[in-house]
Amino acid sequence: MSCLLVLNAGSSSLKYAVYREAERLHGGKRERLTADGQQQAIQSVLAEIRQVLGSESLLAVGHRVVHGGDQFHQPVLITDAVLQELDRLTPLAQLHQPHNIAGIRAMMAALPGIPQVACFDTAFHATMPLVERMFGIPRHFYESGIRRYGFHGLAYESVVEHLRSHDPASALGRLIACHLGNGASLCAIRDGHSVATTMGFTPLDGLLMGTRCGSLDPGVVLYLERHIGMQTAEVDQLLEHESGLLGVSGGLSSDLRDLLASESPIAREAVDLFCHRIIREIGSLAAVLGGVDAITFSGGIGENSAIIRERILTRLDWLGMTWDSTANQAGADRISTASSRVCVVRVPVQEENIIARHTARILGLPWEA
Ligand code: ADP
C-alpha cells in the first residue's frame, strides 16, 4: 500500500497529515515557527513521517497554497513553471504565500521525483460573478489582477462536502458558511458554489480577525500615510498584526478565549465588534442569496465557542430560525430545532482531507473510503 502526505505550511504553523487512500493515518501540527524554524520543522515532520510509513512508500505530496491568482482555478501538478507563477503571486498574499512556497521547495528537495500538487484557497471562489469580483476603480486595474479573489476556499469545500454527506438538503440551497478562526471570513454558497465572500483582494478584508483589521475605509490608509506620516511597512504591520481583536482590546489579546474571560470593558468591546461585523455581513450575504436555508459554523471559534455562536444566532431570528440553546452549549452538530426554517450546523473542517483527495485525483491515484 502507498500513502499521500498533505502539508499546510502557514505563516507560523505547519500542519501535516498522512493518508492511505481516504483513510487518515496520522497528522499533527507544529506551532509558533519562525522562518528558520519552518525548515527545521519540515525536517522533523519528514523524520516522523518516515517512522509512520515504515515500509510503505510515499506517492505524492499535496500542498495548501493561499493564492492561485486568476490562473489556477483547480489544483495543479507543481512544475518549475508553476512554481514561478506562484512566486509571481507572492505580492498578493505577502503574509502566507512565501511560507507555502518554502514548504513546497523544501519537500521537492527532500523528496526528489515525488509528484507534488498545489491546492488553492482562492480556487473555490472562481464561480463568483463579476459584480462580486470587481472593485469600483478604473477597469484596467481589474485586468491587471486587482480584484476580489476570496480565501478559505479549501475550508468552504470541506463545509460543502460535510453537508453533502451529513445533511444533503442543506448542501443544496442557500448557505452562509461562517469560518471563524484567527483568520475569519464568511461565504455565501448556492448549490455548493461560492457566490460571494467577505475576504477580497487579500485576506485582510471583511471581518474583524485576531490581529487583522478587516474592512476599512481606504481613506484611513491615506490619512495614516499623509497626516500621521506612517510608512507603508508600518501601515502593513498595523493592519496585519496589531489590529483586530488584539488592537481593539488595547493589546490585551488576539485570542478570543482571553477576551471572553476578561472583566475589562475594552475586552468586551472587542468581542462586541467581532460579533457585530459577523452579523452585519450575514445580513449582506443573505441579501445576495435572496434568503438563507442553512448556516454553518467552523474554524477554531466557530466550532468551539458556544457563546459566540449564541451571540450571533440571537440576532438572526429575522431569518426565520429557531435554535436549541442546550444543543449549542453541548457542541452538538445540529444546533437548529427540527422545525426551524434555517438549518444551523457545526462543521469540523478538514482542509487536509480536501487536499489529499484533490492530490489523488490529479495524479489518478486510488481514493477509496
Ligand atoms: P487559524 O485561522 O489560525 O487556523 P483556528 O481556526 O485554529 O485559527 O482558530 C484559532 C482561534 O480559535 C484561537 O485564536 C481562539 O481565539 C479560538 N478558539 C479556540 N477554541 C475556542 C473556544 N473554546 N472559545 C473561543 N475561542 C476559541
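These numbers come from the heavy atoms of this one structure, side chains and all, not from hydrogens, waters or symmetry mates. Order of listing sets the numbers, starting from 1, for every ligand and every atom in it.
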Can a donor-acceptor pair be found, under 3.5 Å and without considering hydrogens, that links the side chain of [X] to the backbone of [Y]?
X      : Y      : value
Ser243 : Leu238 : yes
Asp191 : Gly173 : yes
Gln74  : Ile362 : no
Glu240 : Leu95  : no

Is there a side-chain contact between Arg30 and Tyr16 (heavy atoms, below 4.5 Å)?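 A side-chain contact under 4.5 Å exists here.
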Heavy atoms, side chains only, cut-off 4.5 Å: are His152 and Cys187 in contact?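 No. Closest side-chain heavy atoms not under 4.5 Å.
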Taking both backbone and side-chain atoms of [X], is any N or O found less than 3.5 Å from an N or O belonging to ligand 1?
X      : result
Gly299 : no
Lys29  : no
Leu256 : yes
Asp255 : yes

What's the shortest distance from [atom] to any protein heavy atom, and which residue and atom give it?
atom                    : result
atom 14 (O) of ligand 1 : Asn182 OD1, 3.1 Å
atom 17 (C) of ligand 1 : Ile301 CG1, 3.4 Å
atom 18 (N) of ligand 1 : Gly300 O, 3.6 Å

Distance-only polar pair, side chains of Tyr149 and Asp121, donor-acceptor under 3.5 Å: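 Side-chain D/A pair, Tyr149 to Asp121: absent.
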Of the choices [options], which has the non-hydrogen atom that lies closest to [atom]?
atom                    : options                        : result
atom 22 (C) of ligand 1 : Arg257, Lys15, Glu31, Glu303   : Arg257
atom 23 (N) of ligand 1 : Asn304, Ile307, Leu260         : Asn304
atom 25 (C) of ligand 1 : Gly331, Ala184, Ala306, Ser305 : Ser305

Would you please determine whether Gly210 falls within less than 4.0 Å of ligand 1 on a heavy-atom basis?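 Not so, Gly210 does not reach ligand 1.
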Does the separation of the ring centres of Phe151 and His67 fall below 6.0 angstrom?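 Yes, close enough.
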